[in-house]
> 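Before we start, here is the structure in question, set down as C-alpha cells.
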Amino acid sequence: MGIQIAPSILSADFARLADEAAAVSNADWLHVDVMDNHFVPNLTLGLPIVESLAKATDTPLDLHLMIEDPDRWAPGYVEAGASSVTFHVEACRAPIRTAREIRAKGARAAMALKPATPIEPYEDMLSELDMILIMTVEPGFGGQKFLDICLPKIRRAKALLDKHGLDLWIEIDGGVSAETIERCAEAGADVFVAGSAVYAADDPNAMIEKLRGLAEGAAQ
Ligand SMILES: O=C(CO)[C@H](O)[C@H](O)COP(=O)(O)O
Ligand SMILES: [Fe+2]
C-alpha cells in the first residue's frame, strides 16, 4: 500500500464533522479517536457519532479506541461503519479473541501500544493483526510533542514483521508533522496519523500531500 496519511478529527471542529471530513479528501483514512475518560483522561465521542460520520464520508474510518473494555466495544465500531479498529493492548483482556471478532465482522484489526509498552511480548500474536499502532505521545490529547524515544520501537516492530514475513502496517500516532514524519518513515512506519498538523494548516489537503511526499522520500 505504501505511505498512507490519516488525519485525526480530534483536531477538527466537532460541530462540523461532515465538512471537516470533506476538507481532507486527499486522506487515505480518517482517524477517529474514541476516549472514555477512564483509559485516558479525556472524553470525545462514541458509537452514534461514528455511525453518522461513516454515512457522511467516503473516506474509510480508522478507529482508535482509547477506552477500557475494548473487548466489549470493538465489534460494535465495525457495525457502526469503521474499516479499521484499533484497541489498546494495555486495556484488552483477550486481544486474540477481540482481533478475530473485528476481522470476522469485516474490518482490519489493529493493536495499539502506549510509549512505554514493549512490542516483544506480542510477537507470537502478530499474525492475528492487520496493523500495529505505535503511539508517539501518551494517548489522550492532540497537539503534544513527538516522543523521539519511540523510534527504536518502530525499528524493532519492523524487524519482527520482517523476521516472520508478515505484511502488517505500522501506524504512528502523536506529534506527527513535517518536522517529525521523515524520522518515522525511515524507521519503518507506513501509516501516519496527523491531527493538529493537518487541521491547523491553511490548506489541509496540501499539508497531507506535503507529509506524504516527505514520508515517501524518507522511506526509500
Ligand atoms: O490518539 C491521539 C491522541 O491520543 C491522536 O490521534 C493524536 O494525538 C493526533 O493529534 P496530533 O497529531 O495533534 O498529535
Ligand atoms: Fe489516535
Side-chain angles (χ1 to χ4, degrees), residues 3-14 17 20-21 23-24 26-46 49-50 53 59-68 70 73-74 77 82-92 107-117 130-151 153-154 169-185 189-201 204-205 207-208 210-212 214-215:
I3 299 296
Q4 301 173 69
I5 308 293
S8 168
I9 57 155
L10 187 60
S11 298
D13 178 351
F14 275 26
L17 281 182
E20 295 282 65
V24 293
N26 286 7
D28 300 283
W29 296 88
L30 200 58
H31 183 84
V32 181
D33 290 304
V34 178
M35 304 186 189
D36 67 351
N37 196 35
H38 290 276
F39 181 69
V40 289
N42 197 2
L43 185 69
T44 54
L45 52 84
I49 292 179
V50 170
L53 187 59
T59 308
L61 301 186
D62 171 33
L63 267 283
H64 178 190
L65 304 183
M66 285 164 274
I67 59 173
E68 296 291 355
W73 294 102
Y77 282 91
S83 299
S84 176
V85 176
T86 300
F87 56 85
H88 267 269
V89 71
E90 302 88 353
C92 196
R108 295 175 61 86
M111 186 170 80
L113 306 171
K114 291 165 73 172
T117 305
D130 298 294
M131 184 170 80
I132 294 286
L133 167 51
I134 296 178
M135 291 301 299
T136 42
V137 297
E138 289 290 354
F141 301 93
Q144 300 183 76
K145 190 174 176 324
F146 178 81
L147 293 173
D148 273 292
I149 58 162
C150 299
L151 289 169
K153 185 158 58 180
I154 303 173
W169 299 340
I170 299 177
E171 182 174 54
I172 300 303
D173 185 6
V176 173
S177 68
E179 282 70 48
T180 58
I181 195 167
E182 289 166 295
R183 278 173 260 170
C184 300
D190 356 74
V191 186
F192 300 86
V193 177
S196 45
V198 168
Y199 276 105
N205 273 327
M207 178 54 74
I208 289 169
K210 180 174 178 176
L211 293 172
R212 192 192 303 284
L214 288 169

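For ligands, and for the atoms within them, numbers begin at 1 and follow the listed sequence. When a residue number appears, it is its place in the shown sequence, counting from 1.
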> I'd like to know if the side chain of Tyr199 reaches the main chain of Glu20, judged simply by a donor and an acceptor atom lying under 3.5 Å from each other, with no hydrogens or angles considered.
yes
> Output the list of atoms in ligand 1 that are nearer than 4.0 Å to some heavy atom of Phe141, sorted by atom number.
3 (C), 4 (O), 8 (O)
> Short list, please: which atoms of ligand 1 are under 4.0 Å from a heavy atom of His31?
6 (O)
> In ligand 1, which numbered atoms sit nearer than 4.0 Å to a non-hydrogen atom of Val193?
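Those atoms are 6 (O).
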> Report the atom name of the nearest N/O/S atom of Asp33 relative to the Fe ion (ligand 2).
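Nearest N/O/S atom of Asp33: OD1.
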> Using a strict cut-off of 4.0 Å, indicate which atoms of ligand 1 neighbour a heavy atom of Gly174.
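In order of number, 14 (O).
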> So does Met135 get a backbone contact from the side chain of Asp173, meaning a donor-acceptor N/O pair under 3.5 Å?
no
> Which ligand 1 atoms are under 4.0 Å away from a heavy-atom of His64?
1 (O)
> If only atom types and distance count, is the side chain of Asp148 paired as donor or acceptor with the main-chain N or O of Leu151 below 3.5 Å?
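Looks like no, no N/O pair under 3.5 Å.
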> Any luck finding a side-chain donor-acceptor pair between Asp33 and His31 under 3.5 Å?
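Result is yes, a qualifying pair exists.
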> Kindly identify the option in Gly142, Ser196, Gly175, Gly140 whose heavy atom sits closest to atom 4 (O) of ligand 1.
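It is Gly140 that holds the nearest heavy atom.
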> Report yes if some N/O of Gly143 lies less than 3.5 Å from some N/O of ligand 1; otherwise report no.
yes
> Where is the nearest protein heavy atom to atom 7 (C) of ligand 1: which residue, which atom, and how far?
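Its nearest protein heavy-atom neighbour is Asp173 OD1, 3.0 Å.
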> Do other residues, nucleotides or ligands put more than 12 heavy atoms under 6.0 Å from the CH2 atom of Trp73?
no
> Short N/O distance, under 3.5 Å, between Gly195 and ligand 1?
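Checking ligand 1 against Gly195, an N or O pair does fall under 3.5 Å apart.
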> Using a strict 4.0 Å cut-off to heavy atoms of Asp33, name the atoms of ligand 1 that fall inside it.
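What qualifies from ligand 1 is 1 (O), 2 (C), 5 (C), 6 (O).
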> Would you please classify the geometry between the Phe39 ring and the His88 ring as parallel, tilted or perpendicular, with 30° and 60° separating the classes?
tilted
> So does Met35 get a backbone contact from the side chain of Thr44, meaning a donor-acceptor N/O pair under 3.5 Å?
yes
> Using the Fe ion (ligand 2) as the vertex, how large is the angle between OD2 of Asp173 and ND1 of His64, rounded to 10 degrees?
90°
> Counting from 1, what ligand 1 atoms have a heavy atom of Pro139 closer than 4.0 Å?
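Every atom of ligand 1 under 4.0 Å from some heavy atom of Pro139: 4 (O).
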> Using a strict cut-off of 4.0 Å, indicate which atoms of ligand 1 neighbour a heavy atom of Ala194.
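Numbered from 1, ligand 1 contributes 12 (O).
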> Ignoring hydrogens and geometry, is there a side-chain-to-backbone donor-acceptor pair from Gln144 to Glu138 under 3.5 Å?
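Answer holds: yes.
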> Using the side-chain contact (heavy atoms from CB on, under 4.5 Å) criterion, which residues pair with Ile49? Sequence neighbours excluded.
Leu17, Leu45
